[in-house]
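Written below as structure tokens is the structure these notes are about.
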Amino acid sequence: MSFTSLKNLPLKESLAPGHRLCDGCGIPHVVRYALKAVDDHSVVIVNATGCLEVCTTPYPYTSWRVPYVHTLFGNTGAVASGIVETIEKLSSEKRSQYFDVIVFAGDGGTFDIGLQALSGALERGHDFLYICYDNEAYMNTGNQRSSATPMYSRTTTSYAGKAIPGKLERKKDIIGIVVAHGIKYAATASISHWRDYMTKVRKGVEVKGPAFIHVLQPCQTGWRYDPALTIKMAKMAVDANVFPLIEVEKGKYKITYRPPKKILVADYLKPQRRFAHLFLPENDHLIRQIQQYVDQNWERLNKLEKFSETG
Amino acid sequence: MKQKSVALVGDQAVAHAVRQSNVDLIAAYPITPQTIIVETLNEFLSNGELSARYINVESEHSALSAVIGGSLAGGRTFTATASQGLGLMQEVLYVASGLRCPIIMAVTTRAMSAPINIHADHSDVMGSRDAGWMQIFCENVQEAYDLTLMAFRLAERDDVLLPIMVNLDGFLISHTMEDLKILEDSVVSEYLPPRVASLKLDPERPMTFGSFALPDYYTEFKRQQVEGIENALRAAPEEWKRFEALSGRKYTVTRPHFMDGAEIALVSMGTSAGTARYAASKMREDGLKVGALSVRLFRPFPSEEVKKALVNVNVIVVMDRTVSFGAYGGPLFNEITPLLYGTNDSPTIANFIYGLGGRDVTWRMMVDATEIALKKKKTGEKIPKAQFLGVRE
Amino acid sequence: MRRKFLSSKQKLKGWKEMEMGGTISTPGSSVDFKVGEFRTIQRPVIDLSRCTKCYICWAECPEPCIYRKEDGFVEIDYDFCKGCGICAEDCPVKCIHMVPEAE
């Protein structure tokens, strides 16, 4: 499968139009690129409750052209485990066709309520790919904070008011958590860098055992920017080192994309009204703090790339 | 039909039934008093005697979620839990029945915390009575074995397709050794061949499971579930007749004892049904026309059979092994009383809460309860409020 | 301007005819729901004479409602276009323009 140009990508659309996702939503890109990357595999989608699930399956309409299951919000790790084990048994007994399991879950269903089930599934080593589409809050229920919400972001449960400037906690390092389980493949990706993302999805499906990909998905409704800028926002996040593109193979870290021209964090934050309060003169030090954390994290990843070893 | 006589504790009997049943996926989390089920299954697995895939999940919520996944993938699935575990799975229970997954779950009934108590009562399963699962109460180890086998067939019927809880009283059956007869592996294998699911996750026929139903659709899906669970009223006796041919053991939705011409009835579920039968026999010796009725199938509730059995009884002692806090009576009382509304000579129905947290109930206590009920009848109090049997004031 | 919404014109099925448990057995049935009818502000128009067939708009449309044709050019299906403007924003030769829907 070659990812040399968009022209050569498979034409099959496993996600049909007519879904209810917002105009300019970044989730279809997470799904479409992933499924095109493994177009030659039979797949089954396990989906957590969230934007993708609600907007693609309002009875009797479904946008899915592949087998799909949704049960609850915080159990996709467990449901995927059950499906993988059963299908391995049934296909070896010729009672069913073999297929790969791909999980799509939001940051809510991955970082928070779904973390336990994810942890269990990773520890037990089931063979599946888990893709987390991260819009940095519980967007489907109206933008409440999650542990993936970046520091100082305004959400409805971390308002930016006179006393508190938005969410005070830093974003959870989900890659660190996932890698600690000793899995063979983990990566971050962005919908702006389709080639990098699709290569990683293919690697994730082909590796034997659990694989995890964390994809940044800009959300115009929650982050509050012009819907036409979705892909550009994703690119800016990568270029500002806010969301570095890395992969971790058996514990060895590697940065897969180095922005040729780094931009300031402030340039990334400015178009998003969820960060508007940071541009008040009295909050200047907060932007500097974010820049400092972004730079420290980039330093850390560079060191990890240099010093980490295959485990 | 050749059967083997063995001595097992209830949990082991359930594990044997699962081993023989061509189960594809088991996912369970240990909790007292179900632990022996999971331990025995793991022992079978390590000796190559169990062909199922086994997932050692990290919580009960994940246990039921995993078997739903397995069930939708087309496999036959099993899990087991009790008390807090059942509590943790609450949201998943409704999903299992809503998605029509024929999952079998053994529940070693145990009291709900707080305060924490590991012994038998029905508060855990009664808390889930509206989740859309079928519920069967076993009285002894033989029943735990037999009813687990029969549950797989009943659940997977196209006219039912609903999950089942096979309830065995914690410690009283789960850890009690009794002699029982188990069928030959080959006989069970023929009775329960590998599952062929009609609706499943299949790349050849891509389907969407678990869609989002808005107000103009949700009600119809629930109506479908009602149809499925009520079909079980007819399907269960059919399946149990088939089992009778294999085992020689007869099962009915209720088990009546001395109910013909009875003027007083002791109604209960689970292990204390045996005590009730003994109490009834003792009271018969004293000339009282007492019968005992054990309800085996609780969900769907066999209204017709229970009504038929009780319609001519004057004094009914209904014993509930759980409290429905704030309600007039316990769950079994609430099921039975409306059935007898308006029947000739409205009977006296006295409800007693007993055996909570594993508290022992003796036949003498049941005699006391009957005497209290008879007193109520004399004073004309038809439906007194539920009272505790055996509480220290 | 009168708007017609497909779902409100459909006769809803009874419980005996509906699929069990909310299962949908027709893959991609959402193509029957023309979300393009909700579009109120703007729509994209492609100037094919300047199109270089880079397919960025095809890849980046969130619906997706930009299709690749036999002749290699692309076509927008306005039945599903929500008017987000990503195609116009990201076209490298700026041959896609957003025009007000009212026109």
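Chain identifiers are assigned alphabetically (A, B, ...) following the order of the sequence lines, protein sequences preceding nucleic acid strands; residue numbering begins at 1 within each chain. Everything numeric in this text was worked out from a predicted model, so none of it was measured.
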Looking only at side-chain N and O atoms, does T57(A) offer a donor or acceptor that is under 3.5 Å from a partner on S211(B)?
no
For chain A, which residues of residues 13-48 of chain B have heavy atoms nearer than 4.5 angstrom
V23(B), D24(B), L25(B)
Taking all non-hydrogen atoms of both residues into account, name the closest pair between Y217(B) and Y59(A) and its distance.
CE1-O, 3.3 Å
What part of R205(B) gets closer than 4.5 Å to chain A, counting heavy atoms only: side chain, backbone, both or neither?
neither
Taking atom CD of Q97(A) as the centre, does the number of heavy atoms from other residues, nucleotides or ligands within less than 6.0 Å exceed 12?
yes
With sequence neighbours excluded, residues passing salt bridge (charged side-chain N to carboxylate O under 4.0 Å, His left out) with R53(B):
E85(A), E88(A)
At a 4.5 Å cut-off on heavy atoms, which part of V196(B) comes close to chain A: side chain, backbone, both, or neither?
neither
Supply the atom-to-atom distance H70(A) NE2 to L99(B) CG, rounded to the nearest 0.5 angstrom.
9.0 Å
Cut-off 4.5 Å, heavy atoms of chain A, and the answer for F221(B) is side chain
Please check if atom NZ in K250(A) has more than 12 non-hydrogen atoms from other residues, nucleotides or ligands closer than 6.0 Å.
no
Working to the nearest 0.5 angstrom, can you tell me the gap between L201(B) CG and Y68(A) OH?
11.5 Å
Does OH in Y218(B) sit with more than 12 non-hydrogen atoms of other residues, nucleotides or ligands closer than 6.0 Å?
no
Going from CD1 on I83(A) to NZ on K200(B), what distance comes out if it is rounded to the nearest 0.5 angstrom?
13.0 Å
Between S119(A) and E58(B), a side-chain donor and acceptor under 3.5 Å
no
Within residues 61-72 of chain B, which positions have a heavy-atom distance to chain A below 4.5 Å?
H61(B), S62(B), S65(B), A66(B), I68(B), G69(B), G70(B), L72(B)
Kindly give the heavy-atom pair with the smallest separation between R95(A) and P194(B), and that separation in Å.
CZ-CB, 3.6 Å
Quick check: under 4.5 Å, non-hydrogen atoms only, which of residues 41-54 of chain A neighbour chain B?
S42(A), V44(A), E53(A), V54(A)
Considering non-hydrogen atoms only, spot the tightest contact between R124(A) and I55(B) and give its length.
NE-CG2, 3.2 Å
How close do S59(B) and Q116(A) get, counting heavy atoms only, and between which atoms?
OG-NE2, 2.9 Å
Please classify the contact between A52(B) and chain A as side chain, backbone, both or neither, with a heavy-atom cut-off of under 4.5 Å.
backbone
Relative to chain B, which of T56(A), V66(A), T62(A), L72(A) shows the most heavy atom pairs under 4.5 Å?
L72(A)
